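Taking it in order: structure first as structure tokens, then the write-up.
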Protein chains: 4
Amino acid sequence: MAQNKKEMIVRAAIEVFRNKGIEKTKISDIVQVAGVAQGTFYLYFPSKLSLMPAIAEVMVEKTMEILRSAVSEKASFSDQMQQFVEAIFKINEEYHEIQALIYSGLASTEHLKEWEAVYEPIYVWLSEKLDKAKDTGEIRNSIRSAHTAKLIIGLVESAAEQIYLYDSQAENMADTQKKEVKEFLKHALQME
Amino acid sequence: MAQNKKEMIVRAAIEVFRNKGIEKTKISDIVQVAGVAQGTFYLYFPSKLSLMPAIAEVMVEKTMEILRSAVSEKASFSDQMQQFVEAIFKINEEYHEIQALIYSGLASTEHLKEWEAVYEPIYVWLSEKLDKAKDTGEIRNSIRSAHTAKLIIGLVESAAEQIYLYDSQAENMADTQKKEVKEFLKHALQME
Amino acid sequence: MAQNKKEMIVRAAIEVFRNKGIEKTKISDIVQVAGVAQGTFYLYFPSKLSLMPAIAEVMVEKTMEILRSAVSEKASFSDQMQQFVEAIFKINEEYHEIQALIYSGLASTEHLKEWEAVYEPIYVWLSEKLDKAKDTGEIRNSIRSAHTAKLIIGLVESAAEQIYLYDSQAENMADTQKKEVKEFLKHALQME
Amino acid sequence: MAQNKKEMIVRAAIEVFRNKGIEKTKISDIVQVAGVAQGTFYLYFPSKLSLMPAIAEVMVEKTMEILRSAVSEKASFSDQMQQFVEAIFKINEEYHEIQALIYSGLASTEHLKEWEAVYEPIYVWLSEKLDKAKDTGEIRNSIRSAHTAKLIIGLVESAAEQIYLYDSQAENMADTQKKEVKEFLKHALQME
DNA sequence: TATGAATGAGATTTCATTCAT
DNA sequence: CATGAATGAAATCTCATTCAT
């Protein structure tokens, strides 16, 4: 049961944060949605911000799930990148408020080390893809997978965020932006 | 005098935000550092978040100053990009807490449109550089300057942030990361 | 005005503590009686217990007032002691809840040094009386005033407290107890 | 086993109260130290304050033990008083926090009658000593044992407390204070 | 304009107590 | 008897905002 309540709180927090933003969200909002008592919250989390790592973990899990199902193992690297960009944009469309809140939660948190660990799976996943592509000669050999993985993720996520954060005509822009990113990547990695 | 106080408040806010983060900062902290009375704050800003555009403006000014002085007008595009990357990393090293806070302040604000306008100068600056480079044939012609400018800034800033937010061995990594970014850009833009 | 509110809070606190005891008293009770806002309390005191030194100060002032008016300057030392005992018993009858709460507040406070300073005036007052009586030969010469003053105050106060704290038939016992204390003191100081 | 747990709770309560004070002590602190479950507390005590009589009982038992072993049956009354003062100071040195907490617990409890009963053994013990001394002519005949016993205990305990509560140079002062109390008592009781 | 004491709504936080196991 | 997760009423405390000066 214990794990259950903790999970319910995290799930509820994500939902409420998405709707109201971090600052306007009260603990009481979260527990109400979670269906637990006010005190129960403090059984698991000392404060609102201490939820962030748990939320980030959930988001990373979701992201990994989507990446695994959206990016075909058998496709060429070039196609995989196309799928990858599509997937990140889709995740961002769905969850850009959470991305933002994780980022801003991150900015307030002191335990930055925790964050690194949490995001590791995504970096590893992409890094392996790059390694394989180097082996097959699909991308230039000078690529350093670990670093480039982080660059790519930073690039694609910031591109996606630009769409949903800055632009009013999000819908229209998304496709253009995606195309641009794919093109950019294609050259950067010197794909065939 | 009036303008003076307003500026003092913005300056103080930047300082306090850098040290404590947005959420933990109280108006009273800001006015104390600014050396003005509690009530004076409300003469100039209706709320804590309404400071953000003013702060962003200051940051953009600073950024533009640095870019203008760091990136030589006469250098080749390739060299300019090198200088650009160096400059953004330097700005980030100095101000990464503020970058983060602007971003997170941005996430909480409803008036996103203001932000776009504030950042416009940087986008325009880079966009013009790209246009010129296309003209001289220094980069591939298929580049769409306005979009690519945003992509590049997103890429370089996220790369710089990764250094200062995530990595413990920041100093060591910075050079590697910069080199990687330059390489990445060189290929992405197909510089000669 | 400021000092005013602080005083009102202390006054109200004494009143409420007397009626409800420390533990059952909420900050909200105090501010309600004081007629100030909840937040005003925290402008002057960080917590309920931090009121104690201020309360003790008020009590010491009251005690000194009563002592000065009840103990005749011109009377013989023997008569002064009689008046002193009567006065302490009267103060205790009126304020024994506060004595108790000061004592228990004292037990929880870390800043014991503050307390010493606060009670000093009473010790000094009695000490001077003892010095004079030694000079006039009214009490034995071997008395060490400063120490004995504390002993006497401890004796008389604990005797008075016993009446009001432990005994049910307080009224009846008071006179007997007072007589006993006076007799005890008479011999202890070897008054003529 | 049952009696066992109850005792463990009382023991733990004494320890925790000594360290944190009554008000800051939570039931959860007590049960944690006692090594029993939260709910178990309520099997034996209806509330935090209902622990006080049990704690006082333990303290009185300890006090009586020490008095019996420290005060020689065969010694002269004068010597017994010397030993008594020494013993009370020693007890106070060891347990002054508990004395204070019992006192303050007492102040919050409504059932003061319980307290009287608990302390009775000490009063009776001293009262009997006084009676015997009157019979042997070692002290003045006008002494009323029951009352005087309470006065003496009040005097000696307040003297001892003054040492450990107020004075910083406790070690140095203790001897002076003890000597002063003994002298004071000697005269008050008109010992030979 | 400028002040800063005062406000009080509303948030956080506590913790004695319960109860299903 | 014993447990300890869960509760939620009730407390503490915060702080953006006001307003008389």
Side-chain angles (χ1 to χ4, degrees), chain A residues 1-6 8-9 23-32 34-50, chain B residues 1-6 8-9 23-32 34-50, chain C residues 1-6 8-9 23-32 34-50, chain D residues 1-6 8-9 23-32 34-50:
Chain A
M1 188 87 181
Q3 194 55 27
N4 217 337
K5 299 252 172 186
K6 189 174 180 180
M8 283 158 77
I9 290 169
E23 271 191 278
K24 283 185 200 148
T25 295
K26 305 168 245 171
I27 306 278
S28 63
D29 296 329
I30 297 172
V31 295
Q32 193 185 325
V36 302
Q38 188 88 351
T40 304
F41 180 90
Y42 290 91
L43 231 44
Y44 298 106
F45 301 98
S47 71
K48 209 165 64 176
L49 286 180
S50 65
Chain B
M1 186 85 181
Q3 192 55 24
N4 217 339
K5 301 244 173 190
K6 188 174 182 180
M8 283 157 76
I9 290 169
E23 275 195 271
K24 284 183 200 148
T25 295
K26 301 167 244 173
I27 305 279
S28 64
D29 296 328
I30 297 172
V31 294
Q32 193 184 325
V36 301
Q38 193 87 353
T40 305
F41 182 89
Y42 291 91
L43 253 30
Y44 300 106
F45 300 98
S47 74
K48 197 165 69 173
L49 289 179
S50 65
Chain C
M1 188 82 183
Q3 194 56 25
N4 218 337
K5 301 253 172 187
K6 190 176 181 180
M8 284 158 76
I9 290 169
E23 271 190 279
K24 282 182 201 149
T25 295
K26 304 168 245 171
I27 306 277
S28 64
D29 296 329
I30 296 172
V31 296
Q32 193 184 325
V36 302
Q38 189 89 351
T40 305
F41 181 89
Y42 291 92
L43 228 46
Y44 298 107
F45 301 99
S47 73
K48 207 165 65 178
L49 287 180
S50 65
Chain D
M1 186 82 182
Q3 193 55 26
N4 217 338
K5 301 244 173 191
K6 187 174 182 179
M8 284 157 76
I9 290 170
E23 275 194 272
K24 283 182 202 151
T25 296
K26 302 168 245 175
I27 304 279
S28 65
D29 296 327
I30 297 173
V31 297
Q32 192 184 326
V36 302
Q38 191 90 351
T40 306
F41 182 90
Y42 292 90
L43 254 31
Y44 299 106
F45 300 98
S47 75
K48 198 166 68 174
L49 288 179
S50 65

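What you see is a predicted model, and the numbers here were worked out from it, not measured in a lab. Numbered from 1 within each chain, the chains take letters A, B, ... in sequence-line order.
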Touch class at under 4.0 angstrom, heavy-atom based, for D:V36 against every strand present: sugar-phosphate
What is the distance, to the nearest angstrom, from the [atom1] atom on [X] to the [atom2] atom on [N]?
X     : N      : atom1 : atom2 : value
C:Q32 : E:dT7  : CD    : P     : 14 Å
C:I27 : E:dG8  : CD1   : P     : 17 Å
C:M8  : E:dA5  : CE    : P     : 17 Å
B:D29 : F:dT14 : CG    : P     : 12 Å
B:F45 : F:dC15 : CZ    : C1'   : 19 Å
D:E23 : E:dC15 : CD    : C1'   : 14 Å
A:K24 : E:dG10 : NZ    : C1'   : 16 Å

Residue C:A37, side-chain heavy atoms: nucleotide from E:dT3, E:dT7, E:dA16 that is nearest: E:dT7
Residue A:L43, side-chain atoms from C-beta onward, closest of E:dT7, F:dT3, F:dT7: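 Nearest to the side chain of A:L43 among the choices is F:dT7.
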Min side-chain heavy-atom separation D:T25-D:I30 under 4.5 Å: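 Side-chain contact under 4.5 Å: yes.
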Closest-nucleotide 5' rank along DNA chain F - winner of D:T40 and B:S47: D:T40
Nearest-0.5 Å distance that lies between atom OG in B:S50 and atom OH in B:Y44: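 If we round to the nearest 0.5 Å, B:S50:OG and B:Y44:OH are 13.5 Å apart.
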Reported OG-to-OH distance for the pair C:S47 and C:Y42, which is rounded to 0.5 angstrom: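 If we round to the nearest 0.5 Å, C:S47:OG and C:Y42:OH are 8.0 Å apart.
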Counterpart base for E:dA6, defined by Watson-Crick or G-U wobble contacts under 3.5 Å: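 Here E:dA6 is engaged in a pair, and the nucleotide opposite it is F:dT17.
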Complement of F:dA10, any strand, by Watson-Crick or G-U distances under 3.5 angstrom: E:dT13
Criterion side chain to side chain contact (heavy atoms under 4.5 Å, CB included) on D:F45 and D:I27, from CA distance to verdict: CA-CA 11 Å; D:F45 300 98; D:I27 304 279; over 6 Å; no
Earlier contact from the 5' end, DNA chain E, for D:Q38 and A:K26: A:K26
Residue whose closest nucleotide on DNA chain E lies nearer the 5' end, A:Y42 versus C:F41: C:F41
Side-chain N or O of C:K48 closer than 4.0 Å to phosphate OP1/OP2 of F:dC13: no
C:K6 vs E:dA5: side-chain N/O to OP1/OP2 distance below 4.0 Å: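 So the side chain of C:K6 is outside the cut-off, no N or O lying under 4.0 Å from OP1 or OP2 of E:dA5.
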Evaluation steps, side chain to side chain contact (heavy atoms under 4.5 Å, CB included), between A:I9 and A:V36: CA-CA 8 Å; A:I9 290 169; A:V36 302; 4.1 Å; yes
